[in-house]
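Written out below as structure tokens is the structure these notes cover.
We number each residue from 1, following the sequence as shown.
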Amino acid sequence: FPVTIYINPETLTESTQVPKLPERYHLLLAYKAAADISFTMGNSDLMNLNLTEYDIALNQLMRNQNSPLVIRQRSLV
């Protein structure tokens, strides 16, 4: 049976730190941050736009980067 393993990202505390995320997905973080800020500002149209872009990028990341770890059982005999 397949086992899927996800790694929680570390918290970035310095402005010089780079996320352990392929560079082509760095905008994923920006879309999520923009959606959160838009929500705080009460701009639901902008929030929805950024969440749509975030969802597209996240789905692409999950398809391309998270291949599940498959553990095969061996016979003991």
side-chain contact (heavy atoms from CB on, under 4.5 Å) involving T16 - partner list, sequence neighbours excluded: E14
side-chain contact (heavy atoms from CB on, under 4.5 Å) partners of A35, counting only residues at least two apart: M47, N50, L51
Other ILVMFWY residues reachable from I56 by side-chain steps of under 4.5 Å: none
Pairs flagged by side-chain hydrogen bond (donor to acceptor under 3.5 Å, both in side chains) wherever residues 38-49 is involved - sequence neighbours left out: none
Pairs flagged by salt bridge (Lys or Arg N to Asp or Glu O under 4.0 Å) wherever residues 30-44 is involved - sequence neighbours left out: K32-D36
Gap separating the CG atom of L61 from the OH atom of Y54, nearest 0.5 angstrom: 9.0 Å
Backbone of L49 reached by a side-chain donor or acceptor of E53 within 3.5 Å: no
